[in-house]
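What follows is a single structure, written as structure tokens, with notes after it.
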Amino acid sequence: MSGASEGTGGQGRGRGGAGGGERSGRPAAAGKGGRGEPRRDAQGRTRSRGRSGAGRQFSSQAPSQRSRSADPARRVAFEAVRAVHAEDAYANLVLPPRIRQARLDRRDAAFATELAYGTLRGRGLYDAVLARCVDRPLEQIDPPVLDALRLGAHQLLAMRVPAHAALDATVALVLSEIGAGPSGFVNAVLRRVSERPLEDWLADVAPADGSDAALAVRTSHPVWIVRALRQALAAHPGADADQIEELLAADNAAPVVNLVALPVDGGEEALARVIADGAEPGPLAPGSALHAGGDASRLPGVREGLVRVQDVGSQLTARALVAVPRESDASERAERWLDLCAGPGGKAALLAALAAERGATLTANELAPHRTDLVRSALAAVPREAWTAHTGDGRRIADAVETPGDGYDRILVDAPCTGLGALRRRPESRWRRTPADLAELTGLQAELLDAAVSVLAPGGVLAYVTCSPHVAETTVQVQDLLRRHPRLEQVDAPAALAEVALADLGLGGAPAGAGDGGADDGPPAEEATARTAQLWPHRHGTDAMFLALFRAPAEGQDRG
Ligand SMILES: C[S@@+](CC[C@H](N)C(=O)[O-])C[C@H]1O[C@@H](n2cnc3c(N)ncnc32)[C@H](O)[C@@H]1O
């Protein structure tokens with residue numbers, strides 16, 4: 001297949017293939033009243049008025065002469081994708097304000113979200129397809145033009161937008177946001193894309209040969225992530241490397257919004273109102289709900305901070321830390337808890353509310369001052385006497401003035417990590433992370449864990465949590481920690497989660513008598529891993545949260 005060339009409006013037309021539709025084109029199908037604003041169905045998708053696949057109808061006007069008015073939903077999606085690629089922005093932060101500024105109604109907001117998120121997630125696959133349709137490396141295409149092509153490819157291959165609408169609307173977008181120059185090129189390339197259905201493209205760019213490389217393109221993940229996830233699946237009881245395709249597919253599905261009602265005054269009533277409004281009661285975590293209807297900020301109790309958006313896996317890990325008994329002869333005074341890496345405050349809010357219920361106090365520590373501010377607002381609904389927020393490097397927590405003499409009774413280390421377990425929520429992150437990030441992050445995680453152990457009170461409980469299942473950040477980190485601190489007792493995390501979950505998580509668990517510590521080089525690797533818990537998007541509908549739990553020896557013993 002020959003490729004299309006980037007250039008002025010006319011370039012690309014008249015070349016074999018991509019421009020051919022122009023010559024054989026019929027007048028544009030209906031649905032372009034006033035041009036630029038295709039009609040959509042109830043799901044926010046453009047209504048199909050023509051056939052899909054071969055024989056699609058296209059505009060007979062030269063691209064540069066078509067409407068210059070981009071429809072607002074596509075413009076918003078384009079701006080968000082540009083901000084992500086040009087400014088390293090986060091889609092979940094840049095998209096909502098743009099949707100509000102453009103005053104998109106609910107349907108257009110859903111369309112813009114699906115278009116922006118889907119384009120960002122699917123970038124790997126769309127680039128592979130686009131590379132077949134142009135005659136130069138994609139890196140040589142002007143970045144805004146490449147993003148417009150990706151948006152067009154997503155509409156054509158994944159959103160069931162009729163080809164003529166996807167083409168016309170993308171060309172209009174290019175005309176209004178970039179200029180007339182590349183409109184012909186974009187038109188030509190997208191026609192090529194539209195010539196084959198997704199299955200044909202997949203067979204071409206990612207033949208199902210069982211290789212990780214093909215699976216990576218097919219599911220639009222970097223190949224190193226496919227390998228890391230496969231290895232993580234193999235490491236955990238209850239999961240299996242054969243589940244890799246299910247896991248990768250779950251990464252590409254938009255998650256429902258997970259909600260938690262804080263156990264504070266008014267929380268339960270707010271949750272009841274959210275459920276009366278249409279949310280489903282959460283099947284896994286107490287006080288949780290699942291909301292499928294888009295923007296959660298308008299739900300009852302959310303503005304007041306009584307109901308918060310939080311992944312169910314995060315909720316369960318925070319509750320498990322609280323449920324584990326301390327050593328029986330640990331101090332009788334009111335418990336002091338520490339969240340060492342608290343920003344933006346999701347788990348800290350739930351922990352602080354649980355602390356308030358139990359007469360304990362929480363210190364929420366965070367390195368970045370602006371994220372400490374987020375922690376403070378996250379905790380606003382929790383009684384003020386139950387928590388303090390602190391800015392500081394968790395690695396030096398022992399020097400912080402707030403650290404009490406005999407340490408903290410419960411510590412959460414929700415460490416900075418690659419985030420490979422939350423790819424479905426952060427559509428751009430899979431393309432930003434590199435294997436090189438691992439070395440830096442695993443070093444930081446180990447230092448934070450050591451700092452936490454140094455301030456863990458006798459008999460106190462430590463939870464190590466990541467939203468990554470990468471073995472270097474999880475099970476290997478646990479084995480290393482137990483080697484460095486052989487007196488720490490590893491607590492059975494699957495059992496602790498089973499204690500707080502409303503349904504069976506099917507995590508297996510540790511063999512009886514395992515993990516009691518004592519050996520100077522730590523317990524065998526499989527034993528230590530069996531006492532950790534790994535949640536999965538494809539099995540539990542949560543982020544792939546990892547949890548390991550440890551208990552310090554009681555008073556009088558070396559804390560290790
Ligand atoms: C995974 S996030 C924590 C998420 C949080 N627990 C929640 O549930 O919302 C990790 C946090 O650690 C912070 N961080 C990074 N390095 C740190 C350090 N040296 N000390 C303390 N916090 C750090 C990051 O700024 C980030 O806010």
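All residue numbers in this chain count up from 1 along the given sequence. Remember, it's 1-based here, ligands and their atoms both numbered in the order they're listed.
- Using a 4.5 Å heavy-atom cutoff, the side chains of E327 and E489 are in contact.
- A heavy-atom cutoff of 4.0 Å around ligand 1 is satisfied by the protein residues L340, C341, A342, G343, P344, G345, G346, K347, N365, E366, L367, R371, G392, D393, G394, R395, D414, A415, P416, L444, L448.
- Residues satisfying the side chain to side chain contact (heavy atoms under 4.5 Å, CB included) test with L104, not counting sequence neighbours, are P72, A73, V76, I99, A102, D108, A109, A112.
- By the 30° and 60° cut-offs, the orientation of the rings of H470 relative to W224 is tilted.
- Under the 6.0 Å distance and 45° angle rule, R433 does not count as a cation-pi partner of W431.
- A salt bridge does not link R426 to D251: none of the charged side-chain nitrogens sits closer than 4.0 Å to a carboxylate oxygen.
- The residues K347 and D339 are annotated as not salt-bridged, no charged nitrogen and carboxylate oxygen being separated by less than 4.0 angstrom.
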